[in-house]
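Quick notes on the structure that follows.
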Amino acid sequence: MRQARRAVCCAMRKHLLHPAAKPLLFVLCLLPLAWLVYAAATDRLGANPAEALIRATGDWTLRALCVVLAVTPLRVMTASPQLARFRRMLGLFVFFYALLHLLSYSGFDMGFDLAEIARDIAKRPFILVGFLAFCLLVLLAATSFNRAIRALGGRRWQALHRVVYGVAGLAILHFFWMRSGKNDFAEVAVYGAILAALLGWRLWRRMASRTAPPVGRGKTATPS
């Protein structure tokens with residue numbers, strides 16, 4: 001069983017390094033947008049296409065965020081450091097779908113009236129929370145490139161990009177408040193459970209690393 005698992009992991013690592021892996025992932029990440037464009041062009045978005053587009057882009061933002069936060073646990077559990085090379089692209093797609101979500105709301109609901117949008121943000125808490133999450137995503141997207149990493153330094157850049165945990169919390173709160181008007185929390189619970197598990201894994205791993213005995217000291221020390 002262990003040998004079979006090791007063989008699967010080795011094959012996966014080999015495929016992750018294939019030159020076509022990143023282009024394939026890029027195409028896969030664009031499929032939701034392609035479907036939405038097709039559905040809009042063929043009148044398949046239901047009785048309220050504008051609301052369908054706003055909701056769909058929001059849903060895909062949350063899904064992409066879950067995928068990004070799953071990269072590190074998968075990388076560690078499968079011993080596949082190659083997965084890290086896809087994290088930047090996936091993170092930028094979170095921002096991309098969040099931008100589409102904001103533009104859909106701004107255009108279809110507000111007619112791109114900036115004064116009306118500002119009043120709506122101030123008036124409705126769930127809009128304010130969503131807007132704050134988007135502002136944090138702008139910060140993360142703007143500092144996701146190698147030049148920003150060199151300018152900030154590795155430690156400060158990593159500390160800054162832990163803001164993604166705040167984005168996850170704000171995104172779930174935005175979704176919760178949005179659904180509270182309809183008293184429909186089933187999807188909120190699913191996304192909340194996924195994000196809680198992913199963030200909980202990080203917290204558990206950090207606590208475990210702090211309590212583990214230093215390597216090379218004492219008889220119980222084990223290689224990391």
Tell me if a side-chain donor or acceptor on Thr61 pairs with a main-chain N or O of Ala98 at a distance below 3.5 Å.
yes
Where the side chain of His174 meets the backbone of Phe126, is there a donor-acceptor pair that is under 3.5 Å apart?
yes
Flag the pair Ile127 / Trp177 as yes when at least one side-chain heavy-atom distance between them is below 4.5 Å, and no otherwise.
no
Quick test of your reading: applying salt bridge (Lys or Arg N to Asp or Glu O under 4.0 Å), list the pairs with at least one residue in residues 109-119, sequence neighbours left out, ordered by first then second residue.
Glu116-Arg119
With a 6.0 Å cut-off (strictly less than), is the heavy-atom count around CZ of Phe131, excluding the residue itself, greater than 12?
no
Does a side-chain heavy-atom distance below 4.5 Å link Val164 with Leu65?
yes
Taking Ser180 for the side chain and Met178 for the main chain, is one N or O donor matched with an acceptor at less than 3.5 Å?
no
For Arg63, all residues meeting side-chain hydrogen bond (donor to acceptor under 3.5 Å, both in side chains), sequence neighbours excluded:
Tyr191
Can you list everything that forms a ring pair (Phe, Tyr, Trp, His ring centres under 6.0 Å) with Phe112? Sequence neighbours excluded, please.
none
Given side chains that start at C-beta, do those of Leu139 and Leu160 come closer than 4.5 Å, heavy atoms only?
yes
Heavy-atom side-chain contact between Leu103 and Phe108 under 4.5 Å:
no
At what distance, to the nearest 0.5 angstrom, does SG of Cys135 lie from CG of Leu140?
11.5 Å
Donor-acceptor contact present, side-chain His101 to main-chain Arg55, <3.5 Å:
no
When Ile, Leu, Val, Met, Phe, Trp and Tyr are grouped by side-chain heavy atoms lying under 4.5 Å apart, directly or through other members, which residues fall in the same group as Leu17?
none
Within a strict 4.5 Å, meaning less than it, do heavy atoms of the Leu62 and Leu195 side chains meet?
yes
Enumerate the residue pairs fulfilling salt bridge (Lys or Arg N to Asp or Glu O under 4.0 Å) with a member in residues 123-149, sequence neighbours excluded, ordered by first and then second residue.
Asp120-Arg124
side-chain contact (heavy atoms from CB on, under 4.5 Å) against Leu28, all qualifying residues, sequence neighbours excluded:
Leu24, Leu31
CG-CG distance between Leu53 and Asn48, expressed to the nearest 0.5 angstrom:
9.5 Å
All salt bridge (charged side-chain N to carboxylate O under 4.0 Å, His left out) counterparts of Arg156, not counting sequence neighbours:
none
Tell me the side-chain hydrogen bond (donor to acceptor under 3.5 Å, both in side chains) pairs involving residues 128-144, sequence neighbours left out?
Thr143-His161
Give the minimum heavy-atom separation between Ala148 and Ala142, together with the two atoms involved.
CB-O, 4.4 Å
Pairs satisfying salt bridge (Lys or Arg N to Asp or Glu O under 4.0 Å), at least one member in residues 79-108, at least two apart:
none
List the atom of Cys66, the atom of Ile194, and the distance in Å for their closest heavy-atom pair.
SG-CG2, 3.8 Å
Could you tell me the separation between the CD1 atom of Ile121 and the OH atom of Tyr105, rounded to the nearest 0.5 Å?
5.5 Å
To the closest 0.5 Å, what do you measure between CZ (Phe93) and CZ (Phe26)?
4.5 Å
Kindly state each residue pair satisfying ring-ring contact (aromatic ring centres under 6.0 Å, His included) with at least one member in residues 133-153, sequence neighbours excluded.
Phe95-Phe134
Quick one: list whatever passes side-chain contact (heavy atoms from CB on, under 4.5 Å) with Pro73, sequence neighbours left out.
Met77, Leu198, Trp201, Arg202
Value rounded to 0.5 Å, distance of CG in Leu132 from CG in Leu173:
10.0 Å
Expected list for residues 32-43: side-chain donor-acceptor pairs under 3.5 angstrom, two or more places apart:
residue: Tyr38; atom: OH; partner: Arg44; partner atom: NH2; Å: 3.4
residue: Thr42; atom: OG1; partner: Tyr38; partner atom: O; Å: 2.7

Straight-line distance of Ile117 CD1 to Met110 CE, nearest 0.5 Å:
7.0 Å
What closest approach, in Å, do Ile54 and Thr57 show between heavy atoms, and which atom pair accounts for it?
O-OG1, 3.0 Å
